[in-house]
Amino acid sequence: MIIAANFKTNKTRSETGQYLEEVETCITENGITDDVLVFPSATALQRHGGAVVMGAQNVYPVENGAFTGEIGLDQINEFDIKTVLIGHSERRHIFGESQESIAEKFDFFKAQGFTIVYCIGEPLEIREEGSEALMSYLDDQLEGIDVHYEKLIIAYEPVWAIGTGLTPDESDIGLIHGALRQKIDKPLLYGGSVKVGNAQEILAIDNVDGALIGSGALKAEDFCQIIAYAKAIK
Ligand code: 13P
């Protein structure tokens, strides 16, 4: 399984260091062999030699240049970071990233051989239109994306479930992941209000290969518990 924590705009560099130490200890103590990914904020990126794979939440698809407020390849190469999150709903909806710019970003990091955690997910109004509209919305979010890319991981995160405490029914997650599986032979993570209280059930659903967790992973102890659940399910 793949268990990933997305810190979003949370935690300082020192808090991130402390968190990583705790998670490394729990990985060692529990003999975890599952993949554990952590996406800290840009100011907390650091070289990390442990079992946790560190990824960047967002990188502008350039080596360097005049792009005020962005970081590029040079800034993450400094820390040997080779994993990036692309297409997160907060990038799409808050920062207005278009499918075209997301696909360009994808191509850039694919050419660099990065592991890409590529996020898709529908807003509530689309879900309410029914499953055909929902799958067609997800298809549009895959436009221009090479779903055969060797180092691709998909994260299905319904927008209305992110940070709200709401999750789809387990049967709905199963149906959507099953439908995605028909098209994409890559690990499929579920994201959106995963926490200690529901992780066991969610990780046990067919075609769920792991989770991408925001608020529910902010405490190292909780993240470790979820990692332990993943190990038990496998
Ligand atoms: P929450 O777990 O806080 O709902 O966030 C999910 C998410 O967006 C992870 O990328």
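When a residue number appears, it is its place in the shown sequence, counting from 1. In listed order, ligands and their atoms are each counted from 1.
- Within the structure, ligand 1 has Lys8 among the residues with a heavy atom less than 4.0 angstrom away.
- Neither the backbone nor the side chain of Ala155 comes within 4.0 Å of ligand 1, counting heavy atoms alone.
- Electrostatic pairing of Lys110 and Asp146 counts as a salt bridge here, judged by a charged N lying under 4.0 Å from a carboxylate O.
- Between His177 and Tyr190, the angle of the ring planes lies from 30° to 60°, which puts this pair in the tilted group.
- With a 6.0 Å radius and a threshold of 12 heavy atoms from other residues, nucleotides or ligands, Glu22 has its CD atom above the threshold.
- Note on ligand 1: Gly191 sits outside its first shell, no heavy atom being nearer than 4.0 Å.
- Contacts of Ile162 with ligand 1, taken as heavy-atom pairs under 4.0 Å, involve both backbone and side chain.
- For ligand 1, the atoms closer than 4.0 angstrom to any heavy atom of Ser193 are 1 (P), 2 (O), 4 (O).
- Heavy-atom contacts of Leu212 reach the following atoms of ligand 1: 9 (C), 10 (O) (cutoff under 4.0 Å).
- Aromatic ring centroids of Phe7 and Tyr19 lie under 6.0 Å apart.
- Heavy-atom contacts of Gly192 reach the following atoms of ligand 1: 4 (O), 6 (C) (cutoff under 4.0 Å).
- The single protein non-hydrogen atom nearest to atom 10 (O) of ligand 1 is His88 NE2, 2.9 Å, given as residue, atom name and distance.
- Remark: distances from the non-hydrogen atoms of Ala161 to ligand 1 include one below 4.0 Å.
- Panel note: side chain Asn30, backbone Cys26; a donor-acceptor pair is recorded below 3.5 Å.
- Checked by atom type and distance alone, the side chain of Glu122 never pairs as donor or acceptor with a backbone atom of Leu134 at under 3.5 Å.
- Ranking the protein heavy atoms by distance from atom 7 (C) of ligand 1 puts Glu157 OE2, 3.1 Å first.
- Some N or O of Ser215 is nearer than 3.5 Å to an N or O of ligand 1, by distance alone.
- Of all protein heavy atoms, the one closest to atom 4 (O) of ligand 1 is Gly163 N, 2.6 Å.
- Under 4.0 Å is where a charged nitrogen must lie from a carboxylate oxygen, and between Asp139 and Lys183 at least one such pair does.
- Ion pairing between a basic and an acidic side chain is recognised when a charged N comes within 4.0 Å of a carboxylate O; Arg92 and Glu97 show no such pairing.
- Protein heavy atom in closest approach to atom 2 (O) of ligand 1: Gly214 N, 2.8 Å.
- In this structure, Lys186 contributes its side chain and Tyr149 its backbone to a donor-acceptor pair below 3.5 Å.
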